[in-house]
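Note sheet for the following structure.
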Amino acid sequence: MSCHKKAYITTPIYYVNDIAHIGHAYTTIIADTLARYSRMSGLDTFFLTGTDEHGQKIEESAKAKGKTAQAYADEISATFKKLWDDFDISYDKFIRTTDEAHKAGVQKAVLAMHKNGDIYKDVYKGHYCISCETFFPASQLVDDEFCPECGKSTTIVEEESYFFKLSKYQDRLLEWYENNPNCILPKSKRNEVIRFVEGGLEDLSITRTSFDWGVKLPKEMNDPKHVMYVWLDALMNYLTALGYGTDDKNIDYWPARIHLIGKDILRFHAVYWPAFLMSLDLPLPKHIAAHGWWTRDGEKMSKSKGNVVNPIEIADAYGLDNFRYFMLREVPFGGDGDFSQKALIDRINSDLGNDLGNLLNRLIGMSGKYFEGKVDSSNVDKYYKAELDEVHASLDKLEPLLFEMQIHKYLQELWIPLSIANKSIDRYRPWTLMKEGKEEEAMALNGLIAAILGKVAVMLYPVMPDICTKISNALNFTIDNKSWNSIIKGTNLLDTFTIEKIPPLFPRIEELRLQQAEPIDTNSSTNSGNAKKAKVAKPIETEGIALIGIDQFFQTSLKVGTVIEAKEVPKSDRLLLLQVDIGEDTPRQVVAGIKEWYSTDDMLNTQVCVVANLKPAKLMGLKSEGMLLAAKDNNGLCMIRPEKPKTNGTPIG
Ligand code: MSP
C-alpha cells in the first residue's frame, strides 16, 4: 500500500436521460483541474466520475424511445464516457450505477443501516416529482400541484415504503456544519443548508414499489417488490467505486477530499449523504463544493428551450484548453454565469493571447535576436531580485485559493506574475540594454521572463494541460511533481536551455466562430462524438447602409503602444519616423504624417493607438509597419491616446 497522502475527488454521476451540455462539462472540468493539481503536488489521487442510470425518470425516457432501460442507459452512458475521453478528462474510474459491484455495495449499505435500526417500513403518502426524483410535502408545492424546484407537475404517491431515520441525525448534522466551517463551499451555501436543517428534518422514503428500474432491497430483508430510491442508490456510488461492499480495493481513499456538485443537488449531498454515512459509521467527506448554473442569454439551459450549449462544438471552434480557462476564469465559483461567445473570445484574445502567448513570443523573439535562442538564468537574482520576490509572493498565495474553490481568484492571481514579466520587458527594454552593451543584464532579463513563464505554466497546467505542456516543452522542462517542487515550492529558476521556436499559441480570434451555438440534437444519442462543423458568422447587412458586423470590426487589430524613439524624416515637412513598442519583441517602425502638429519631443515616451495589422508600406523610402489613430478637423490634427496608461500591446476594441 502506498504511504502517500491520498486525495479522492468526485463529480456527480450524470443522469442518462440527457446528452451532456456545458453545465455537465463545467462540473467535470473543475474536478479534473483539482485532480491534476492534486497529482502534480504529489498526492495519491483518485478521481471518480460516471453515470446515474436508475429511477423512474430514466425508465420513462427509455420507454418513450421504445428501448429497454438498460439499452438506453448503455447508449447514453457511453456518450458521456466518450465526451470525457475526447476532453482528456483524467478520471481514474468511470462508475455506472448498473454495475453489478455497485448494486451489491448499495445492498450491503442498506442492510447495515437496517441492522443499525435506521430503516423502518411504513406507508408513504405524498407528492413526487419524477423529473427531480424528489418527494415533496404538500406544503412545499406551488399551487398545490407543481414542483418547487423545476415547476413540473408532481404525482400523488401512496405506497408502502421503507424509511430512513433522517430526523435522528438532525443534531449531529448541525454539529458537523458547526465544527467544520469549510465542509460546504462556498460558505454562503453552508448557511442555506444550516437553515434548511434547522427547519426540521422528516424521515426519508428510500424505496418505491410502483416501478422496478432500480437496485432491489437486499435479499435478507425479504421484500422483493421494493427498489431503492434513486438518490440513495446514486449517492452510494462514492463508496462503491472504491470497492465498498465488494473487494474494498480502494477504500483507503475514503473520505473524499472533495465532492464537486452543482447547487441544485446540494441538499442531497450536504444533508442526506452525511446522514447515510453517519448511519454506516463512516467518516464524512472533507468538502462538498457547489457551483452555480450556466445560463444562456440569462435563461437556464434546458432541452425543451433548445438553448443548450454543446461543449464539443465550443471546444472544436475555440480550443479545449481555452474553453476550460474561460469557464473557470469567467465566473466566481458558486455564482451563475451566462455563456457568450463574445466573452469567450475576449478572454482568449486578451488574457491568453495578449498576456500569456505574447509573452512567450517576446521571449522567443528576444532570445533569438540577441542570444541565438539561449536562455540563461544565472544572473536573474543579481539584476531582478525585486521582480522575482514579487512573483514568488504571488505564487505562494495560489494553492489555498484552489482548494477553497476560489478558482477564478487563483487564475486572477496567476496573471500577476505575467504582468510583472510584461512590465519588466517594457521597463528594462532588452533592445536598449543590448545597444548599451549590457549583455549580461539583457540575458538576465531573458532568464527572468523564462522563469516566470515556466512557473506560470506549472500552476496553469491543471486548467490548461495541453497548452502548458507546449510551453514547458518550449522551455525545455517537464511539468511534474519534481518541477512543481523545484520551481513552485522552491524558488529555483530554469536550467540553461535553448528555446524552441513554437508557433503562436493563441492566434487572435477576429470573429464569432459559431453562428449560434447549436442546440444539441437530443434525438441522436451519439452526437457528442460528432461535433458539428463550426459555422462562420456572416456580416450583417442593412439595405442602403454599409453596416459592418462585430466580426468585421475585429478584423482590424488596434493596439496601445508607446513611442520609444522619434526622429524627423530628412527632407520631409510632413513625416516623423517613430519606433513604437506594441508589446512585441521588437518595436514597430511607423512613418506618420504628423510633423505639422507634433514635434519629436511631443511624441517621445507618449502612448498612441496603433493599427497593427496594416500591410507594411514605404514612405520616402522608409518602411512603415502601422498607422497611428488621429482625428483631424479644420483646427488641425490630434492624436487619439488611451485616457490612462495601458500596457503596450493592449488590444483596443
Ligand atoms: N444524477 C444526479 C447526480 C447524482 S450524484 C450522486 C444529477 N445528475 S444531472 O445529470 O442532472 O446533473 C449533474 C450535474 O450537472 C449537477 O452537478 C448539475 O448541477 C450539473 N448541471 C446540470 N446543468 C447545469 C447547468 N446548466 N449549469 C451548471 N451545472 C449544471 O443531478
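No hydrogens, no waters, no symmetry mates; every other heavy atom, side chains included, goes into these values. As the structure lists them, so they are numbered: ligands from 1, and atoms in each ligand from 1.
In this structure, W273 has its ring center no closer than 6.0 Å to that of F164.
No option in D233, T246, T97 other than D233 meets the side chain to side chain donor-acceptor pair (under 3.5 Å) test with H102.
For a heavy-atom separation below 4.0 Å, the residues in contact with ligand 1 are P12, I13, Y14, Y15, H21, G23, H24, T27, D52, W231, A234, L235, N237, Y238, I261, G262, D264, I265, H269, H291, G292, W293, W294.
With sequence neighbours excluded, the residues satisfying side chain to side chain donor-acceptor pair (under 3.5 Å) with H269 are Y238. Take K103 and apply the salt bridge (charged side-chain N to carboxylate O under 4.0 Å, His left out) test, not counting sequence neighbours, and it matches E100. Under the rule for a salt bridge (charged side-chain N to carboxylate O under 4.0 Å, His left out), the partners of D92 that lie at least two apart in sequence or sit in another chain are R39.
Contact between L83 and P311 at its shortest, heavy atoms only, is CD2-CG, 4.2 Å.
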